[in-house]
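Single-structure report; data block below.
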There are 2 protein chains.
Amino acid sequence: MAKVATAHETRAFETDGIPARERLLACAASIFAKRGYAGASMAEIAAEADISKSTVFHHFGSKRALYLAVIETAAQDFAATLETVLEKTGPLDERLVDFQCQHMGHILSNELVTDLVLRELQKSQSTESVHLVRDVLSANFMRLVDFISEAQSQKLLNEALDPSVAALTLISANVFFFQHRKVLKHLPNFDYADRPQPYAKAVIDVIFHGLDRDRSE
Amino acid sequence: MAKVATAHETRAFETDGIPARERLLACAASIFAKRGYAGASMAEIAAEADISKSTVFHHFGSKRALYLAVIETAAQDFAATLETVLEKTGPLDERLVDFQCQHMGHILSNELVTDLVLRELQKSQSTESVHLVRDVLSANFMRLVDFISEAQSQKLLNEALDPSVAALTLISANVFFFQHRKVLKHLPNFDYADRPQPYAKAVIDVIFHGLDRDRSE
DNA sequence: CTGGTTACTGACCGATCGGTCGGTCAGTCC
DNA sequence: GGACTGACCGACCGATCGGTCAGTAACCAG
C-alpha cells in the first residue's frame with residue numbers, strides 16, 4: 001500500500017519525514033537491543049526500516065559495520081545524556097540524591113541505548129566495539145569518583161571509605177534495578193518495582209546513612 | 001582420531017568417563033553462556049560434546065528444549081551453591097562481610113552458571129525459562145531480606161532503612177562487579193578489579209558504615 | 001543532452017541454520 | 001534365535017543467513 005511506482009518516489013516521501021539512513025540506524029538499534037547481535041537479522045532490520053535489504057548493505061557495508069555504527073551513536077547518546085547529571089550545586093546529601101535520581105531517570109528514558117551499551121560491556125572479548133563503550137563509561141565513572149573524593153577531602157563525606165567503591169556501589173544499584181526491572185515486579189516484599197525514583201532515593205538513604213544501628217536518626 | 005569403528009564403541013569409551021547426555025548438557029551450557037541462545041549453533045554444541053548433531057536431537061527434541069534443560073539445571077545449581085551462604089553465626093558485621101564475600105565467591109566460581117542465569121533474567125519477555133530462574137532468585141532474595149529485617153528488629157541494624165532496598169544494594173554490587181569484571185580492569189583509579197573478595201568487603205564498609213562523614217571511626 | 005554520482009532495488013549466491021530420516025549397532029527380555 | 005529398544009550416525013531437507021551484483025531512477029554538473 002505504501003509501495004509506490006518507483007524507488008525514488010518512496011524515498012521522496014521520506015517515510016515519516018525521516019531520511020532513510022537515520023531511520024535505519026534507529027531501527028537497527030532497536031532490534032539489536034531486543035535480540036542481540038546474533039539474534040538480529042539484516043532482513044528484519046531492513047523490513048522495520050521499510051527499506052530493502054540491499055539498501056542496508058549500500059549504507060553500511062556489513063552487519064558488523066552497521067552494528068558498530070549503532071554502538072557508536074549509542075555510546076555518544078549515553079555520554080551526552082549523562083553529561084548533565086553531575087553538574088549541580090547545593091547541600092551534599094541533596095546532590096547525592098540528585099545524582100542517583102537523575103542517573104536512574106536517564107537510563108530509564110533511554111532504555112534502548114542503555115540496553116545496547118550494557119549488552120556490549122558484558123562481552124568477555126575485547127573487541128573494537130567494547131573499546132568504544134568502555135571509554136565513555138570510564139570517563140563518567142571518573143567524574144563521579146572525583147566528586148566523591150573531593151567531598152571527602154572537604155570533610156563532607158566519610159574519608160575512611162574508598163571513593164571508587166562508593167561510586168561503583170551507587171551505579172551498580174541503578175544498573176541492577178534497570179536490568180532486572182521486569183523481574184523485580186514479581187519479587188515479594190519489594191515495593192519499588194514500579195517506582196524507580198523512590199528506589200534511587202532509598203538507595204542513597206542506605207549508602208549515605210549506613211546500615212549500622214547507631215545512625216538511625 | 002578418537003573416531004572408532006562403530007557408534008557403540010565410541011560410547012563404550014564414554015569419553016572422559018562422562019556419559020554422553022551429561023557431557024552434552026555441560027557443553028551446551030558453556031556455549032549458550034558464551035554465545036547466547038541465538039549465537040549458539042547445534043552443530044557447534046554437538047562437536048564440542050564429541051557427538052553427532054543428530055544425537056543431540058535424539059536426546060533433546062529441539063534447540064529450545066535443550067536450552068530449557070540447560071537453564072533448569074543451571075537454576076538448580078545456582079540455588080544449591082547459594083544455599084549455604086546465609087547459614088552462619090557470629091557478630092553481625094562479620095556475618096554481613098561473610099555473606100557478601102561468600103556470595104561473591106560463589107558467583108565467581110560458578111561463572112558459567114551465573115552468566116546463564118543473569119542472561120535469562122535480563123530478557124524482557126516472560127517466557128517459561130524466565131519463570132524457572134525467577135523462582136530461585138526470589139527465594140534467595142527473601143532469605144536475605146528476612147535476615148536483615150530480623151537484625152533490625154533486634155536493634156542490630158538501622159531500622160530506618162528499607163531491608164529490601166539494602167538487600168538489593170548488596171546483591172547489585174556483587175552482580176555488577178561480576179558482570180563487568182573484564183571492563184573494570186581498564187578503569188583508572190580502581191584497585192579492586194582483580195581482588196573480588198576485598199571489593200566485597202569494601203562494599204560492606206560503605207553500606208554498613210555509610211558515606212556520612214560522622215561515621216568515620 | 002550527457003555523463004557521473006547517489007540512493008535504491010530485486011534476483012541471486014554459497015554457507016549455515018535447526019531439524020528430519022533411514023538405518024546401524026549393542027544390549028535386553030522372552 | 002527373534003522381537004524390541006535406545007543410543008547413535010551420515011545424509012539430507014527447506015529456510016534463512018549475510019552478502020553480491022547488475023541495473024534503474026533521480027539528481028546534478030558540464
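Fair warning: this is a prediction, and the values are worked out from it, not measured in the lab. Labels below follow one simple rule: chain letters A, B, ... track the order of the sequence lines, proteins then strands, and each chain is numbered from 1. Atoms considered below: every heavy atom in the structure, side chains included; atoms not considered: hydrogens, waters and symmetry mates.
Computed from coordinates, the B/Leu24 CG to D/dA7 P distance equals 12 Å when rounded to whole Å. A straight line from CD of B/Glu44 to P of D/dC17 spans 19 Å, rounded to a whole angstrom. Rounded to whole angstrom, the span from the CD1 atom of A/Ile45 across to the P atom of D/dC17 amounts to 11 Å. Between the CE atom of B/Met42 and the C1' atom of C/dT16 there is a distance of 14 Å, rounded to whole Å. For the pair A/Glu22 CD and C/dA7 P, the computed distance is 14 Å after rounding to whole Å. Atom P of nucleotide C/dT6 and atom CZ of A/Arg21 are separated by 13 Å, given to the nearest angstrom. Per the geometry, CG belonging to A/Leu66 stands 10 Å off P belonging to D/dG18, to the nearest Å. For the pair B/Arg35 CZ and C/dT16 P, the interatomic distance rounds to 14 Å; values are reported in whole Å.
For the pair A/Ser54 and C/dG10, the criterion of a side-chain N or O lying under 4.0 Å from OP1 or OP2 is not met. A close approach under 4.0 Å does occur between a side-chain nitrogen or oxygen of A/Ser41 and OP1 or OP2 of D/dC17.
Checking C/dC8, D/dA11, D/dG19 against the side-chain heavy atoms of A/His58 singles out C/dC8 as nearest. Residue A/Phe57 places its side chain closer to D/dG19 than to any other of C/dT9, D/dG19, C/dG19. Checking D/dG18, C/dG19, C/dT9 against every side-chain atom of A/Thr55, the shortest atom distance belongs to C/dT9. For B/Ile51, counting side-chain heavy atoms from C-beta on, the closest listed nucleotide (D/dG19, C/dG10, D/dC9) is D/dC9. Side chain of A/His59, nearest nucleotide from C/dC8, D/dA7, D/dC17: C/dC8.
Between B/Phe176 and A/Phe176, the ring center distance fails the sub-6.0 Å criterion.
Along DNA chain C, the nucleotide nearest to A/Ser52 and the one nearest to B/Lys63 differ in position, and the one closer to the 5' end is contacted by A/Ser52.
Within 6.0 Å of the NZ atom in A/Lys201, the count of heavy atoms belonging to other residues, nucleotides or ligands does not exceed 12.
Between B/Tyr199 and B/Phe177, the two ring planes are parallel [angle under 30°; tilted spans 30° to 60°].
The base of D/dG18 is paired with the side chain of A/Lys53 by a donor and an acceptor separated by under 3.5 Å.
Side-chain contact between B/Phe57 and B/Met42 is present, with heavy atoms from C-beta onward closer than 4.5 Å. For the pair A/Thr127 and A/Arg64, the minimum side-chain heavy-atom distance is below 4.5 Å.
Contacts of B/Ala40 with the nucleic acid, taken as non-hydrogen atoms under 4.0 Å apart, involve only primed sugar atoms and P, OP1 or OP2.
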